Amino acid sequence: MAANFQEIQQKQRQQLHMTVFCQCFSPCGKFLVEANNFGKIAVFSLVSALSPDALEDNRKPILTFEGNSGSIYTLIATEKFLICGGEGSINAWSWSDIYKKTPKVVWSLDNSSSLNFDQPETNSLCFSEKDNILYSASGDNNVYVWDLETGTRKDKLQGHTDYVHCLTFRNNCQEVISGSEDGSVRVWDTRRPREAVHVIEPYKSEECSRPNLGKWIGCVAVDPSDDWLICGGGPSLTSWHMRSLSPTAVFSTPNICQQSVLFHEDMVISGGTSAHIYHWNINGDLRSSIPCTQSCVYDIGINTHSENYKVLAACGSSYKVDIFTNFGYRAFSLVFS
């Protein structure tokens with residue numbers, strides 16, 4: 001009885017101190033995967049959670065497993081693999097094993113350098129399906145380029161002078177865009193990756209700068225036309241015209257740092273250091289501010305793989321993951337247990 005009581009207390013303490021940093025949807029669109037600061041990965045069934053007669057247990061993980069030795073900061077889904085990065089190596093599991101509830105690491109990438117045997121944390125990942133190339137944003141100021149065919153690191157993108165926080169693609173994966181603690185957004189040509197082809201520094205722009213909040217960049221996104229970039233963090237969330245490299249609209253959230261942003265249809269959706277999800281017009285006008293459970297939102301995502309289970313999910317400084325079914329209000333929360 002004493003052992004059971006201690007186990008319950010430990011789980012309660014973990015929930016109290018839990019942060020869910022990242023998430024992704026399975027390729028089939030039926031599952032949502034979350035990862036936390038304890039190195040755990042949880043898989044939720046959207047089929048069960050969205051059922052009209054769903055009970056509390058339907059909104060708990062159907063599978064939880066060890067993802068890493070420390071915090072997990074990034075998760076992505078490819079057609080074949082679930083891939084995570086954080087403190088330690090970059091690990092991958094096959095979806096077929098996860099669906100059978102028998103997850104096992106099928107490959108790992110060691111991102112330590114020959115000069116430093118410690119592995120810098122991986123803060124963001126993006127994957128080019130057509131080239132089978134993985135890009136990882138690293139805590140040692142570099143973006144690494146991995147050939148998944150051979151499992152080797154084929155290149156690194158050098159130029160940032162501080163932690164690289166976020167990555168996204170442009171031009172059908174011909175360009176990769178990185179945002180860093182150093183305050184810069186760098187655009188790299190993946191065909192000639194030795195030097196950034198463009199550098200944007202929002203903190204140097206009068207309309208974007210917020211010196212009291214710092215110059216770091218925590219999120220980047222590119223619209224489907226590849227003409228517009230949105231980035232934010234210490235500087236205000238701002239859209240930039242990619243051809244002229246000039247700011248075009250400021251998304252005003254005074255004293256709030258946006259840490260996740262995406263384009264959806266005719267609007268922009270963002271989240272950051274407040275208990276709200278923000279919906280914006282492209283011109284920067286605020287459409288709505290929707291309350292959420294997390295006091296700090298680290299990741300927002302939309303399930304684009306299934307119309308039947310198309311939801312927006314938000315995770316952050318809570319063991320709860322908020323689910324928005326029509327995006328205009330929080331329908332319910334999943335419980336990372």
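This is a predicted model, so every value here is computed, not measured.
- The main-chain N or O of Ser178 is never found under 3.5 Å from a side-chain atom of Arg186 such that the two would form a donor-acceptor pair.
- Annotation for Glu56: atom CD does not count as buried by contact number, only 12 or fewer foreign heavy atoms lying within 6.0 Å.
- Cys24 pairs with exactly one of Leu125, Ile83, Val33 by the side-chain contact (heavy atoms from CB on, under 4.5 Å) rule, that one being Val33.
- For Arg287, the CZ atom counts as densely surrounded, since its 6.0 Å shell holds more than 12 non-hydrogen atoms of other residues, nucleotides or ligands.
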Pair Lys104-Asp97, salt bridge (Lys or Arg N to Asp or Glu O under 4.0 Å): steps then yes or no:
CA-CA 7 Å; Lys104 56 183 180 293; Asp97 288 341; 3.1 Å; yes
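- Linking Ile, Leu, Val, Met, Phe, Trp and Tyr residues whenever their side-chain heavy atoms come within less than 4.5 Å leaves Ile98 and Val106 in two separate clusters.
- A donor-acceptor pair shorter than 3.5 Å cannot be found between the side chains of Asn68 and Glu87.
- When only modelled atom types and interatomic distance are considered, His160 and Ser184 share a side-chain donor-acceptor pair under 3.5 Å.
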So Asn132 and Phe127, side chain to side chain contact (heavy atoms under 4.5 Å, CB included) or not? Walk me through it.
CA-CA 7 Å; Asn132 205 24; Phe127 176 67; 3.4 Å; yes
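- In summary, the side chains of Ser94 and Ser96 do present a donor paired with an acceptor at a separation below 3.5 Å, with no hydrogens or angles considered.
- At a cut-off of 3.5 Å, with distance as the only test, no side-chain donor of Thr122 or Ser136 sits close to an acceptor on the other residue.
- Using a distance-only test at 3.5 Å, with no hydrogens or angles considered, no donor-acceptor pair links the side chain of Asp322 to the main chain of Arg330.
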Verdict with reasoning, Trp188 to Tyr135, per ring pair (Phe, Tyr, Trp, His ring centres under 6.0 Å)
CA-CA 11 Å; Trp188 312 83; Tyr135 295 82; 10.0 Å; no
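- No donor-acceptor pair closer than 3.5 Å links the side chain of Asn303 to the backbone N or O of Phe25.
- For Gln174, the CD atom is densely surrounded, since the number of other residues' heavy atoms within 6.0 Å is greater than 12.
- Side-chain heavy atoms closer than 4.5 Å link hydrophobic residues (I, L, V, M, F, W, Y) into clusters, and following such links, even through other members, never connects Leu213 to Tyr203.
- Of the possible polar contacts, one joining the Gln259 side chain to the Val297 backbone as a donor-acceptor pair under 3.5 Å is found.
- Residues that satisfy the salt bridge (Lys or Arg N to Asp or Glu O under 4.0 Å) test with Lys156, not counting sequence neighbours, are absent from this structure.
- At most 12 heavy atoms of other shown residues, nucleotides or ligands fall within 6.0 angstrom of atom OH in Tyr163.
- The cluster map of Ile, Leu, Val, Met, Phe, Trp and Tyr, joined by side-chain heavy atoms under 4.5 Å apart, puts Met267 and Val261 in different clusters.
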Carefully, step by step, assess Asp155 and Arg194 under the rule salt bridge (Lys or Arg N to Asp or Glu O under 4.0 Å).
CA-CA 9 Å; Asp155 216 333; Arg194 290 300 176 182; 3.2 Å; yes
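- Checked by atom type, the side-chain pair Ser124/Thr74 shows no donor-acceptor distance below 3.5 Å.
- For Ser26 and Trp95, the side-chain atoms include no donor-acceptor pair closer than 3.5 Å.
- In the hydrophobic clustering of this structure, Ile41 groups with Phe31; members are Ile, Leu, Val, Met, Phe, Trp, Tyr whose side-chain heavy atoms approach within less than 4.5 Å, directly or through other members.
- Lys130 NZ: more than 12 foreign heavy atoms inside a 6.0 Å radius.
- One N or O on the side chain of Ser317 and one on the backbone of Cys296 form a donor-acceptor pair closer than 3.5 Å.
- Asp299 places a side-chain N or O within 3.5 Å of a backbone atom of Gln23 that can act as its donor or acceptor partner.
- Trp107 has its ring centre less than 6.0 Å from the ring centre of Phe81.
- Using a 4.5 Å cut-off between side-chain heavy atoms of Ile, Leu, Val, Met, Phe, Trp and Tyr, with links allowed through other members, Met242 and Phe169 fall into different hydrophobic clusters.
- Across every non-hydrogen atom of Cys315 and Glu34, the tightest pair is CB-OE1, 3.5 Å.
- For an aromatic pair to be called close, the ring centres must be under 6.0 Å apart, and Phe263 with Trp228 fails this.
- Partners of Asp162 under the side-chain hydrogen bond (donor to acceptor under 3.5 Å, both in side chains) rule, at least two apart in sequence or in another chain, do not exist in this structure.
- Side-chain atoms of Ser108 and Asn91 form a donor-acceptor pair, as typed in the model, at a separation below 3.5 Å.
- The main-chain N or O of Lys154 is never found under 3.5 Å from a side-chain atom of Thr152 such that the two would form a donor-acceptor pair.
- Applying the ring pair (Phe, Tyr, Trp, His ring centres under 6.0 Å) test to Phe324 and every residue at least two apart in sequence or in another chain returns nothing.
- A donor-acceptor distance shorter than 3.5 angstrom exists from the side chain of Gln119 to the backbone of Ser89, with no hydrogens or angles considered.
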